[in-house]
Asks: 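For reference, the structure I am asking about is given below.
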Amino acid sequence: MTPGHLKLFDTMTRSKRPFEPLEPGEVKMYVCGPTVYGDPHIGNFKSFISADLLRRWLEYRGYDVVMIMNITDIDDKTIRDSAKAGEAIKEFTQRYTRSFLRGLDLLNIRRATAYPRATEYIPQMITFIQALLDKGVAYVTGDGVYFDIDKFPDYGRLSGVDLTQTQSTERMAKDEYDKESAQDFALWKKSTPEELARSEKEQGLAWDSPWGEGRPGWHIECSVMTRDLLGDTLDIHAGGEDLVFPHHTNEIAQSETLTGKQFVRYWVHIRHLMINGKKMSKSLGNYIGFDEVLAKYSSDAFRYFYLGTQYRRPLDYTDDAMKSAEGSVKRLENTLDLLEAACKASNTNLDLGPRERKLLDEVERHRSAFEAAMDDDLDSHTALDSLHAMSGAINDYLTATPNKGVTLRAYNTYRRLLDALGLFEKRGGGADKLTEDLIKTLIDLRNHFRKEKNYKSADEIRNRLASLGVILADNAEGTNWKIEK
RNA sequence: GCCGGGUUGGCUGAGCGGUUUAGGCGGCUGCCUGCAGAGCAGCUCUACGGGGGUUCGAAUCCCUCGCCCGGCUCCA
């Protein structure tokens, strides 16, 4: 593993840049996580899977990655919807946090190092905001504390939006907040009378501060939590494309004003998912939850679907696309089945002949192409091409009696690349010794029936095992089995 | 209105001036198999949103029009 070849597209410079962390060999990575006010949908998970892919690839490349993902559990929507549900905000957000974590596990998304929640960082936020006030870049009004963007000369550079040219939108015109400039953003919001009334009965809604009871603005949590957990400068900050402006733009203004240091070295933004050619939105009623998808397709197919397109390119969720992904991923998994079976089987091919050399050459060649693709701003689509090519070469090799040692080499490489993509982590198997022996006994019995041409009994054994999730497959060398998940 | 991304065969999705116009899925045929599954071999599928232009030659460059997606203050 030679770190240093990876190139990432950085939103700030709008270009692919060679990735180099501040500390050699270590990556400090922060990903904007969910606001827990409802069950996450498959669009949210595109960001999380892409971030997971980046993290896995950095680890493949030998970096030690610390990854933090925030959970926003206090904001307008959590307040509004918990009230609507007639539930205490804390219970409400905890419920949806669990739902989010469940989704991560179902989709083989590796857990981040930590998931800090906004409500656990209120004292640090207050300190942070006070420091900004002391620097004279923020001001207090009747309804909150605001950051004065005129005090940050570089404001808006990330998004490329020239704010002096921006047309005032209807939303901005209707802005009810008490700000000096429409574009200033809230650091702290004073509680409304309704919120105060509610907070007498439950916690997690309002906190004391030098500016009165209230709650944090949206952007401050990320600036505070990144600093606390990762330091002043992050190597990578990732999130959905919608966060470029205003969220990340405002984070930069806050953090860099406070620390005087570069906040983030590489900004990674992930393109949103579409559905049937349309944007996914609540108003169109076309939001889909991951449970709905997993009821029809495997989690590997779902992951493959996301991997089938580079993370900055548009991706459209359709039934056809999912079916196609299911077929493609099955093909890759079949190769894994064949490899595992070949590694278990006993055979007498001990040669390193032309077939073996050819296989090893091809495996190397495709591995190298895979790595080059992933190094090129995580081009998972091209990487999958190499994986399919490798799969074909392996299948071809396994049509004749393989050399077990050579097979093992191919397996190790193939498996490592699959791990980098997060595919087929939850494999069947995992049977205990007794179960394994019982299955083998039944296979022997069945093969005995087959030899006697008693196919009725042989098929009954196969069918009944299949109904238990144990799949048998005959080949020239014998019978392979696996347990389906 | 402004800024950015996209528009490719039955589906998915590369190509970014000219060798076979990828790969995968699907479909078909053959091999293998008692059958099934998987695999292998072969075939099918000749497309580039519309209209102009540049060029010996364009999906690929330029112009123009259309459509889709995102951002323009709280949506991953």
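Residue numbers start from 1 in every chain, and the chains themselves are labelled A, B, ... in the order their sequence lines are given, proteins ahead of strands.
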Asks: Under 6.0 Å from the ring centre and within 45 degrees of the ring axis: does the NZ or CZ of A:Lys344 meet both conditions for the six-membered ring of A:Trp481?
Replies: yes

Asks: Quick one: the side chain of A:Asp459 and the base of B:G34, do they pair up donor-acceptor inside 3.5 Å?
Replies: yes

Asks: Dot-bracket for RNA chain B, 5' to 3', counting Watson-Crick or G-U wobble pairs under 3.5 Å, with [ ] for crossing pairs and | for inter-strand pairs?
Replies: ((((((((.[[[..)..(....]]]((((((.......))))))....[[[[[..)....]]]]])))))))....

Asks: Under 4.0 angstrom, heavy atoms only, what part of the nucleic acid is A:Thr309 near: base, sugar-phosphate, or nothing?
Replies: sugar-phosphate

Asks: Return yes when atom NZ of A:Lys7 has more than 12 non-hydrogen atoms of other residues, nucleotides or ligands closer than 6.0 Å, and no otherwise.
Replies: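 Result for NZ/A:Lys7: open.
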
Asks: Within residues 104-119 of chain A, which residues have any heavy atom lying less than 4.0 Å from an atom of RNA chain B?
Replies: none

Asks: On RNA chain B, does the nearest nucleotide to A:Leu338 precede the nearest nucleotide to A:Asp385 from the 5' side, or the other way round? Give the residue.
Replies: A:Asp385

Asks: Looking only at the side chain of A:Arg450 (C-beta and beyond, no hydrogens), which of the listed nucleotides B:C35, B:G71, B:G15 gets closest?
Replies: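 When the side chain of A:Arg450 is considered, B:C35 is the closest of B:C35, B:G71, B:G15.
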
Asks: Using a 4.0 Å heavy-atom cut-off, does A:His272 contact any base of the nucleic acid, only the sugar-phosphate backbone, or nothing at all?
Replies: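 Contact class for A:His272: base.
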
Asks: Check whether the side chain of A:Ser159 and the base of B:G71 form a donor-acceptor pair under 3.5 Å.
Replies: no

Asks: A:Asn334 side chain: which of B:U12, B:C35, B:A38 is closest?
Replies: B:A38

Asks: Does NZ or CZ of A:Arg14 come closer than 6.0 Å to the centre of the six-membered ring of A:Phe9, within 45° of the ring's axis?
Replies: no

Asks: Assign A:Asp320 to base, sugar-phosphate, or nothing according to its heavy-atom contacts below 4.0 angstrom with the strands shown.
Replies: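 Since only primed, P, OP1 and OP2 atoms lie under 4.0 Å of A:Asp320, the category is sugar-phosphate.
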
